[in-house]
Amino acid sequence: MTSGSTQRSDAVRVRYAPSPTGYPHVGGVRTALYNWLFARHHGGKFILRLEDTDLSRSSEESARAMLEGLRWVGLDWDEGPDVGGPYGPYRQTERRELYQRYAARLVEAGRAYPCYCTPEELQARRQEALRRGEAPKYDRRCLHLTDAERRRLEAEGRPRALRFRIDDQGETVVHDLVRGEVRFDNALLDDFVIIKSDGLPTYNFAVVVDDLEMRITHVIRGDEHLSNTPRQLQVYRALGAQPPAFAHLSILLAPDRSKLSKRHGAQSVDAFREMGFLPEALVNYLALLGWGYDAEQQIFSVEELIEKFSLERVSKNPAIFDIQKLEWMNGYYLRRLSVDELAARSRPFLEKAQLAQRIDAQGEEGRRRLRRALELSQSRLRTLADVPAWVAYYFQDDFAYDEGAARRHLLRAGVPELLERIAADLEGLEPFDEPALEAYFTRLRDETGLKMGDVLQPVRVAVTGKDVSPGMFEVLALVGRGAAAARLRRAAAWARQRLAGAPVR
RNA sequence: GGCGCCAUCGUCUAGCCCGGCCCAGGACGCCGCCCUUUCAAGGCGGAAACACGGGUUCGAAUCCCGUUGGCGCUACCA
C-alpha cells in the first residue's frame, strides 16, 4: 500500500464529496464552487466523490440529481463517478475492500478493535451518562474484552463493529486555512466506530482513507466538519500519513438564522432553475456569499472568479441567503443577454405557460414578435419565469383584466367613449407605427385637454390587461392595428356594462 | 451538559492580522428626487451598523478578558 507515504505532490487536488441523500442544495453547491474555483485558480484538479455509505438514505436518483445540479451551474470535474479517473472508483460503496485494508492495518497496529455493543446498549449507556451529568463518551468496554469473552460474543453471532482507539493524551491542533489554529483536548474524544457492523466505513474513517488515496491536498468543506477534524487527524497520524490542509467554510443560514432547509422553500438548485434563475447569476451570488474580493465589485464573470478567488478572503461568519440580492443579480445578467439568448433560455417557461405553441403557430412572424416583445421587456425582468407574463398579450386576446388596474383606469366616467374613439382613430391611422402613434396620441391629448397618463393608462389596461407594461406606442405597434382596435372596443364595452350595471363609486 | 466556531447597516460585506487616514466604505433592499404615458432600467441623494461590559493605550471596530447571542459537533448520519 503506497498511500501511507508522506510525500505529497504539490499540484492542488481538491474534492467535493456530497452524500447522495437528497437534492443538491445551494449550501453544498457553494462548497463545491469554492473547491472548483480553488482548483481552477491553481491549475489543479477538482474531484467529485459520492459518500454513499449510508445505505438507508442514499439513492441513485439523488446521485444523478447531484451531478446534474453541479453541471447546471457550470462546474466540471476532472475525476468522478461518471468520468472515472486514476484513483477510482469514486463512490464509497464501491471501495469497501480499501477501507477494510486500512482498518486491518489499524487493528494490527493496535489502533482499532472490535466492538460488540448493540446500538440499544450504547444508547442506554449514553442516556445514563448524560443523566449523571457526565460526557457521553464510549466507555471502552470492548477494548478490555478478554479473548474468551470475545470468542463468546463472536459465537453468539453478535454483530461486530470496529472502533478506532483514540489517543486521549494531549491535544490536537487543526491548522485551518480560514479559521487559523483551532485546538482540541484529546481527552474529550472517544473511540468512534470506523467500520459499521454492515461492513461499511463511517464518515470519519472513509474521508480519511479516500482523501489519502485520492491524494487530496486541500480539504475545503463545511464548518460542521471542523469538530470532527481532530478525530480524522488522529486517524492520519495512526496511519503514519501526512494530512491535507484544511479549510472550513461557514455554513449558509436561512433568513431566520436557522440552517437553510426544506421549510425555507427554495434550497435545491433545481428549484432555482425552475424559478427562472440563470446559473451564472447563482454562481456569482454564491461566490459572494462568504467571499469578497474588495467589497466594491459585485459582478464577477466565472473567469474573474477563477482569477481572483482565494481562501484568505473567505469570511468566517455564517451567511444568510438573501434571495432579493440574487434576484437583483439575476436581473442584471438577464439584461445583458442577447435577445436570441434570452429567447432560447425563456423557451421552457413559455412552454410551461402554453405560449410556445401560439408563438410557433405564427412561424417566422411569431419569432420576430417574440424577439421584439423580449426586447421591450428585458429591462423589467427579474427571472425567466417573469417572461410569459410580459409577452403573453402579444399573442393572445382573451385575457382577463387585472382587477385593480381595471378599477383604476377602465371603470371611470368617459373612458368607454374615449376608448371607442381611439379604436376608430387607430383603424384609420396610417402608417401604424411608433412615430405615428406618438403623434396621434399627442394630438389627442392636446385636443381633449387630458393628461397623457389619463389617455394611455386606460389604453394600456385595454390592450394588455395590466397597468404596467413597456412603452404604449411600442406595445400598440407590436400588437397590431386590428388586435389593438378590437381590444379597445372590448374594453369599452366591458367597462360600459360594468359602469351601468353596478356603478363604481 | 461538554467542546468548538462565529459576532460591523435589515442582508452580503470592506476595514481588524500590521491600533490613529473610520463621527466606519461598497452592494442588495428601503425612502426621496431626476428621467418618464405606467412599470422597469439608468442617474443623483438619504436613512441605516462596529452585540454588551470591562481592561490595555495619548488613542480601539481594530489588541486582551468576560458576558450574551447564533450555529456546529458530541451517531454503527454525513
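Labels below follow one simple rule: chain letters A, B, ... track the order of the sequence lines, proteins then strands, and each chain is numbered from 1.
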- Item | Closest-nucleotide ordering on RNA chain B, the 5'-leading residue of A:Arg335 and A:Asp198 | A:Arg335
- Which part of the nucleic acid, if any, lies within reach of A:Phe192 when heavy atoms closer than 4.0 Å are counted: base, sugar-phosphate only, or nothing? nothing
- If you pin A:Met452 and A:Asp190 to their nearest nucleotides in RNA chain B, which one's is more 5'? A:Met452
- Message: If only side-chain N and O atoms count, and only distance matters, is there a donor-acceptor pair under 3.5 Å linking A:Asp52 with A:Thr93?
- Response: yes
- Is the shortest side-chain N to carboxylate O distance from A:Arg125 to A:Glu128 below 4.0 Å? no
- Query: According to the Watson-Crick and G-U wobble definitions, with both distances under 3.5 Å, which nucleotide is paired to B:C63?
  - Reply: B:G55
- Message: Short of 4.0 Å, heavy atom to strand atom, which residues of residues 464-471 of chain A count as contacting RNA chain B?
- Response: A:Asp467, A:Val468, A:Ser469, A:Pro470, A:Gly471
- Any strand: nucleotide that pairs with B:G32 via Watson-Crick or wobble, under 3.5 Å: B:C44
- Query: In the structure shown, which nucleotide is the Watson-Crick or G-U wobble counterpart of B:A7, with both distances under 3.5 Å?
  - Reply: B:U68
- Message: Within the 4.0 Å heavy-atom criterion, would you say A:Ile320 contacts the bases, only the backbone, or no part of the nucleic acid?
- Response: sugar-phosphate
- Task: Indicate, with a heavy-atom threshold strictly under 4.0 Å, whether A:Ala161 touches base, sugar-phosphate, or nothing.
- Result: base
- Taking the six-membered ring of A:Phe309 as reference, does the NZ or CZ atom of A:Arg313 fall below 6.0 Å from its centre and within a 45° cone about the axis? no
- Looking for any heavy atom pair under 4.0 Å, which part of the strands does A:Asn317 touch: base, sugar-phosphate only, or nothing? sugar-phosphate
- Task: For A:Pro318, answer base if it contacts any base atom (sugar-phosphate contacts may also be present), sugar-phosphate if it contacts only those atoms, and nothing otherwise; contact means non-hydrogen atoms under 4.0 Å.
- Result: sugar-phosphate
- Task: For A:Thr172 and A:Asn186, test the side chains for any donor-to-acceptor distance below 3.5 angstrom and give the result as yes or no.
- Result: yes
- Partner nucleotide of B:C39 by Watson-Crick or wobble geometry (both distances under 3.5 Å): none
- Message: Suppose we define a pair by two distances each less than 3.5 Å, Watson-Crick or G-U wobble; what does B:C73 pair with here?
- Response: B:G2
- Query: Could A:Arg231 and A:Phe164 be counted as a cation-pi pair, given that NZ or CZ must be under 6.0 Å from the ring centre and within 45° of the axis?
  - Reply: no
- Just by distance, with hydrogens left out, do A:Arg95 and A:Gln92 show a side-chain donor and acceptor under 3.5 Å apart? no
- Task: Walking along RNA chain B from 5' to 3', note the first and the last nucleotide with an atom under 4.0 Å from a heavy atom of chain A, and give both.
- Result: B:G1 to B:A78
- B:C17 pairs with, by Watson-Crick or G-U criteria that keep both distances under 3.5 Å: none
- Item | A:Arg380: side chain to side chain contact (heavy atoms under 4.5 Å, CB included) partners, not counting sequence neighbours | A:Trp390, A:Pro470
- Residues A:Arg443, A:Asp425: salt bridge by 4.0 Å N-O rule: no
- Query: What does A:His409 touch in the nucleic acid at a heavy-atom separation under 4.0 angstrom: a base, only the sugar-phosphate, or nothing?
  - Reply: nothing
- A:Ile251 near the nucleic acid: base, sugar-phosphate alone, or nothing, with a heavy-atom cut-off under 4.0 Å? sugar-phosphate
- Message: Are the side chains of A:Leu326 and A:Phe321 in contact, using a 4.5 Å heavy-atom criterion?
- Response: yes
